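Predicted model, so just to flag it, every value in this text is computed and none were measured. Numbers restart at 1 for each chain; the letters A, B, ... are given by sequence-line order, proteins then strands.
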Amino acid sequence: MNYWLMKSEPDTFGIDDLFNRPGQTEHWDGVRNYQARNMMRDDMKIGDQVFFYHSNCDEPGIVGIMQVVREAYPDFTAFDPDDKHFDPKSNPDKPTWYMVDVKFVRKLSRNISLRELKLKTELGDLALLRRGNRLSIMPVNAEQWAFILGLE
DNA sequence: GCCAACGTTGGC
DNA sequence: GCCAACGTTGGC
């Protein structure tokens with residue numbers, strides 16, 4: 001089993017939005033970065049555990065846990081001209097973009113903030129903390145996962 | 001709102 | 001294939 005971290009802006013889709021979805025499940029659409037897509041398409045498996053990270057907000061940080069419940073399939077929002085993430089170069093016969101379905105597992109008892117994570121030398125290799133990192137999906141190794149949960 | 005970092009685009 | 005211009009991300 002693998003561990004991941006996925007970012008979302010709480011103003012757009014936060015942990016509470018996932019909690020309130022039917023079945024507490026939602027497709028993770030709108031990823032338009034090849035590196036992030038490749039991880040979803042090639043490496044994300046059912047049962048993988050994912051940190052839900054709130055980005056671009058007052059207190060960016062890890063707020064909850066979800067799990068992968070459906071493996072990669074075409075991101076249909078790329079075919080919709082009215083969708084914010086429409087991509088005219090992607091077509092249903094040969095989709096460029098993929099998504100997975102994720103299900104709410106639990107909220108953390110508190111927001112483990114980016115500010116706090118940066119202070120932990122144990123997390124030196126965490127992609128989130130690397131300079132200039134902009135990926136919206138990134139791997140977390142087992143040690144990092146356990147360490148972060150230990151901060152809760 | 002600013003701006004650093006980085007990905008993408010398109011002219012050549 | 002190079003690289004300048006441009007767009008986006010996301011912390012601050």
Side-chain angles (χ1 to χ4, degrees), chain A residues 2-21 26-44 48-68 71-141 143-145 147-152:
Chain A
N2 290 314
Y3 299 102
W4 306 94
L5 179 148
M6 301 207 291
K7 298 179 184 173
S8 184
E9 301 187 15
D11 288 348
T12 306
F13 186 79
I15 185 82
D16 290 326
D17 295 304
L18 181 62
F19 181 84
N20 289 319
R21 280 291 186 276
E26 183 62 296
H27 49 269
W28 203 264
D29 63 88
V31 172
R32 297 292 180 268
N33 171 282
Y34 286 101
Q35 234 183 309
R37 179 208 64 184
N38 291 347
M39 286 188 276
M40 273 201 300
R41 190 190 56 189
D42 303 334
D43 299 326
M44 275 198 190
D48 281 4
Q49 301 287 111
V50 186
F51 282 135
F52 195 128
Y53 178 90
H54 279 175
S55 66
N56 212 357
C57 56
D58 284 349
E59 189 77 62
I62 296 168
V63 295
I65 297 172
M66 46 195 175
Q67 65 177 337
V68 177
E71 293 176 10
Y73 61 106
D75 181 343
F76 52 77
T77 66
F79 312 137
D80 177 2
D82 295 327
D83 193 277
K84 182 177 180 230
H85 301 290
F86 175 60
D87 179 1
K89 294 194 296 301
S90 185
N91 71 78
D93 295 331
K94 200 174 184 306
T96 307
W97 305 112
Y98 286 79
M99 60 188 175
V100 299
D101 285 357
V102 289
K103 179 172 182 160
F104 178 88
V105 173
R106 70 178 179 90
K107 285 193 206 182
L108 299 189
S109 58
R110 65 186 188 86
N111 176 358
I112 300 177
S113 69
L114 176 64
R115 185 173 41 80
E116 177 178 355
L117 294 171
K118 280 180 170 172
L119 299 173
K120 307 297 179 185
T121 53
E122 293 89 339
L123 297 174
D125 288 338
L126 188 67
L128 181 71
L129 304 182
R130 280 206 288 267
R131 177 184 160 82
N133 166 68
R134 278 174 30 197
L135 277 178
S136 63
I137 297 177
M138 63 191 75
V140 175
N141 71 36
E143 291 74 21
Q144 293 161 345
W145 180 273
F147 180 81
I148 291 168
L149 281 183
L151 299 173
E152 184 185 11

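Here the side chain of A/N33 is nearest to one of C/dC12, C/dG10, B/dG7, namely B/dG7. The nucleotide whose nearest atom lies closest to any side-chain atom of A/Y34 is, among C/dG11, B/dC6, B/dT8, B/dT8. Between C/dC12, B/dA5, C/dG10, one nucleotide has an atom nearer to the side chain of A/K118 than all others, and that is C/dC12. Counting only heavy atoms from C-beta on, A/Q35 has its side chain closest to B/dG7 among B/dG7, B/dA4, C/dC12.
With A/H27 as reference, A/F76 is the one residue of A/Y73, A/F76, A/Y98, A/W97 to meet the ring-ring contact (aromatic ring centres under 6.0 Å, His included) rule. Tested against A/E152 for a salt bridge (charged side-chain N to carboxylate O under 4.0 Å, His left out), the candidates A/K107, A/R110, A/R106 yield a single pass: A/R106.
Judged by distance alone, with hydrogens and angles left aside, the side-chain atoms of A/N38 form no donor-acceptor pair with the main-chain N or O of A/Q35 at under 3.5 Å.
A straight line from CD of A/E9 to P of C/dT9 spans 8 Å, rounded to a whole angstrom. Rounded to a whole Å, the CG atom of A/L117 is 15 Å from the C1' atom of C/dG10. Between the CZ atom of A/R130 and the P atom of C/dG10 there is a distance of 15 Å, given to the nearest Å. Distance CG (A/N111) to C1' (C/dG11): 14 Å, rounded to an integer number of Å. As a whole-Å value, the separation of A/E59 CD from C/dG10 C1' is 14 Å. Regarding A/N133, its CG atom lies at a distance of 10 Å from the C1' atom of C/dT9, rounded to whole Å. Spacing between atom CD of A/E116 and atom P of C/dC12 amounts to 14 Å, rounded to whole angstrom units. Computed from coordinates, the A/L129 CG to C/dG10 C1' distance equals 14 Å when rounded to whole Å.
For C/dT8, neither phosphate oxygen OP1 nor OP2 lies less than 4.0 angstrom from any side-chain nitrogen or oxygen of A/K7. For A/Y53, a side-chain nitrogen or oxygen approaches OP1 or OP2 of C/dG11 to under 4.0 Å.
A residue-by-residue look at A/N56 and A/K89 shows that A/N56 has its nearest nucleotide of DNA chain B further toward the 5' end. Residues A/R32 and A/R131 both approach DNA chain B. Their nearest nucleotides, taken by heavy-atom distance, put A/R131 toward the 5′ side.
A/D75 and A/T77 share a donor-acceptor pair across their side chains, judged by distance under 3.5 Å alone.
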>> Using the rule given for side-chain contact (heavy atoms from CB on, under 4.5 Å), can you reason through A/V50 versus A/V140, listing the C-alpha separation, both sets of side-chain angles and the distance that settles it, and then say yes or no?
In response: CA-CA 9 Å; A/V50 186; A/V140 175; over 6 Å; no

